[in-house]
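Working notes, structure below.
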Amino acid sequence: MRDLPHSPPQAPPEEPDLPAEILDGYLSALQKGDQAAEAELLAAHPALGPWTACLRGLDGLAAAIAGEGEAEPAAALPRVFGPYELLAELGRGGMGVVYRARHVSLGRDVAVKFLAGGVCASGEQRRRFLAEARLAARIRHPRIVSIHDAGDRDGQLWCAMDLVDGDDLAALLRDGPLPVAEAVHLVVEVARAVHHLHTSGILHRDVKSSNILLDASRTPYLTDFGLARGDDGDATMTGTVLGTPASMSPEQAAGRVREIDARSDVYGLGTVLYEALCGTPPFGGTSAIDTLLDVLEREPLPPSHYNPAVPPLLDRVCLRCLEKAPSRRPATAAALADDLESWLAEGRIVPWNDSLANRIGRLIRRYPAAGFRLLGIAGTMAIVLLRCLANPETVGFYLPVLFGLALWGALTVLWEALGTPRRGAGMAGRRLRLSPVAAGTGVAAGSWLAAALVLTDVIFVTGLLALVDGKSGPLVAVYPLLVTAAGLWLDRRLVRVVTCACLAAHLTLQIAAPGPVVWHVALIFDVLMLCTAAITDFQIGRIRLPRAATR
Amino acid sequence: MAGDRDADPQGSEATASTDGRSARIAGWLAAARRGDDAARERLFDACRSYVDLAARYHLQRRLRAKVDASDIVQQSLLEAHRGFDRFAGESPGEWLAWLKRIVVHNAYDEAKRYRGTAKRDAGREVPLDGRGDAAEAWAFDPASSEPSPSQHAVRWEEEVRLAAALEHLPEDHRDIILLRNLERLPFEEVAKRMGRSAGACRMLWMRAIAGLREQLGESTPDA
């Protein structure tokens, strides 16, 4: 064993007459709370005396530092909590811990949930929680987990509710999607329950698969409504984003709390339907921020993409629930349930107005990387074509340009296609999505495809600039544009790679392309491009929190 | 740092400074709550070793292996900083309990990530700012033997002092105290974790405790 670096040479080993075994024995007695053994050891070995304070202090520290989140061994249960006897832990998570418990005098088993935010909750929050519990206790619906009792003990908010013996939907879906008809049936039931909440004046706000419990016969029960948000009142005031990004509606994700209404829960139902049909939620980035941005900006792939058994009509119902604008979703949960039921019964749905612009918008949001590039390329081609029409003798000059633009567009589509999960791939292909954000946090394949896409841009831009002799004209502004566009992936490495590629391409263009070079202008341009890159880089750093950046 | 202290034959300077620090925590806390940024900095500085210890403890305890806890120390301090306005308590005891809750929450997440049982990030409850984290760290667990905040208040000075003293110990000393005294593992288990024999661990532990007492100024070698 090595020498102790901190032992001062002038200090001889202390109390050499005390064997380590005795000290250990004393600590064991202390840890067991065996005071008799402690006293006995202390009497037998007076040399222990000076050590006890330190050991006791450490033991106090151990107790202080442990605590919540460190459940006692299961054997320590049952414990009594008010009229309940806690029997077993059913689950725990960020929101609190749930126990299976028995009401001692009634002999009835319930689930007792201890909510997050206990001691920290302000008086106002507690008052609101209890008010909400009162409201919730009035809800009686065969598909809703009822609240029996709730309270505030020593600052800890808790509630007792129906016990559902079984797993939640999220756990079930880990094994894969449900059969289509079963998934639809299930969502119909849940949608009716959600509608019942709405008619009682309660918004669920967190409809998601893990809040749907299934009993042995796979009957769904909705849980965790209203008071699931222990500090919801606070969220309402400040727009704090709290919840599960993957099942959050865009208005919740954006913190536009005033816009949250029944249709936000319809969105949640849409995510449940999607997940039940596909086995994967509509959005699942590699970090919370990626997921949130996806929720805000992107269009999910249709469920049939993951599960070919899903018919087109059902795709439409599901995607309609997931519309970004609440006004485009079904107006109520009941309307959704009706739609799904009529699909089940007759294979038809009530048609609704879906304009062409809407569809194109959705298509572009679904494949933003290729979509926006194609828009830009098509716009450029249109202008070039007009120019050719106006001045037919330029056709020979512009033909290669048009050809280059078309090839660029085709390659873009190819990269996007490679980055889209294969049809029927289920969850396996999920992480590969190419378009910005989903590929963001260094998922290898996604990053490579993103890099391929932007480097294709650089190559084609450079080639086209060489063709049109645009090296000192205003067209070089496309380089900083590419740098900024690369920033959309929120991946610093990508921005740096693209910046270097753009600088190299720009300089190569100056040297290799014919015509005079105004070097100082070219270099100033490069400096400006570096500034653009630095700003983009800085913005990414702002958005990516320290934790996200390390993953 | 530890070297400087070792050069001090009494070891009393370190003790005096840690004592002084903990005694001033209450004052800094009060000032920080009134919006004094400098006091807040000092408060965080004084509690850093406590957070560090709690982070090691909770992460190690969950993963059953020695791991680098510096990420969650950073993260927790950051969250505490950002959520400071939300801290509603007044006593240092409540303050430390609050800090610890944040640490526990982060350790929980980190451990899940380490073990790869966080099924998909998308399915997790993810609070998106420090306030959320602080709010979600829950306060009362009937299955734990943690004392109530008022009981806790009595001991906080000692805890901060011990945490600071532990930070000045050599790495292996700190590790073994963490395993034996804080995690309360028997030496057979400690030996497995540290890859040494149980006997060697016991000796190392005894020296570690001696070193700690010295840090605390409890033992004056010739007395």
Side-chain angles (χ1 to χ4, degrees), chain A residues 1 4-6 8 10-12 14 20 23-24 31 50-51 53-54 57-62 64-65 67-72 76-77 79 81 86 93-97 114 116-120 122 154-156 170 174 231 240-242 244-246 281 283-284 286-288 291 546-547 550, chain B residues 2 6 9 53-54 57 71 74-75 78 86 88 98 100-101 104 108 119-123 125-129 131-132 134-136 138-146 148-149 152 155 158-159 162 170 177 181-182 184 187 200 202-207 209-213 216 218-219 221:
Chain A
M1 211 177 300
L4 303 178
H6 79 288
Q10 65 268 47
E14 285 185 46
L23 192 63
D24 184 35
Q31 291 179 339
W51 296 77
C54 182
L58 281 171
D59 208 51
L61 183 62
I65 236 168
E68 70 246 56
E70 289 300 323
E72 296 266 285
L77 292 167
R79 278 163 184 269
F81 179 82
L86 305 180
M95 296 305 292
V97 57
F114 297 92
V119 173
C120 287
S122 66
D154 299 338
Q156 172 59 48
R174 262 168 224 143
D231 56 354
T240 305
V241 179
L242 190 66
T244 317
F283 300 109
T286 46
S287 76
T291 308
R547 177 192 287 197
T550 56
Chain B
D6 297 340
L53 191 68
Y57 172 87
D71 269 7
Q74 283 291 351
Q75 176 74 17
L78 190 68
R86 194 187 172 86
W98 189 76
K100 188 184 66 184
R101 257 175 245 135
V104 168
Y108 178 83
K119 298 290 178 199
R120 290 190 297 274
D121 269 341
E125 295 264 0
V126 185
L128 289 155
D129 58 8
R131 306 172 70 257
E136 287 211 356
W138 30 282
F140 168 77
D141 182 347
S144 94
S145 57
E146 200 202 13
S148 72
H152 191 104
R155 292 202 312 249
E158 176 77 356
E159 285 155 21
L162 275 166
I177 290 179
N181 290 79
L182 300 188
R184 298 172 173 170
F187 270 116
R202 213 176 265 123
M203 294 310 296
L204 176 66
W205 173 68
M206 187 140 178
R207 280 196 253 169
I209 297 289
L212 179 65
R213 287 181 57 204
L216 294 168
E218 273 182 16
S219 71

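Naming: A, B, ... by sequence-line order, numbering from 1 per chain.
Both the backbone and the side chain of B:L53 come within less than 4.5 Å of a heavy atom of chain A.
Applying the side-chain hydrogen bond (donor to acceptor under 3.5 Å, both in side chains) test to B:R202 and every residue at least two apart in sequence or in another chain returns nothing.
Here CG of B:L212 is found 4.0 Å from SG of A:C54. Values are rounded to the nearest 0.5 Å. In this structure, CG in B:L162 is found 11.0 Å from CG in A:D59, a value given to the nearest 0.5 Å. To the nearest 0.5 Å, atoms CH2 (B:W205) and CG (A:D24) are separated by 5.0 Å.
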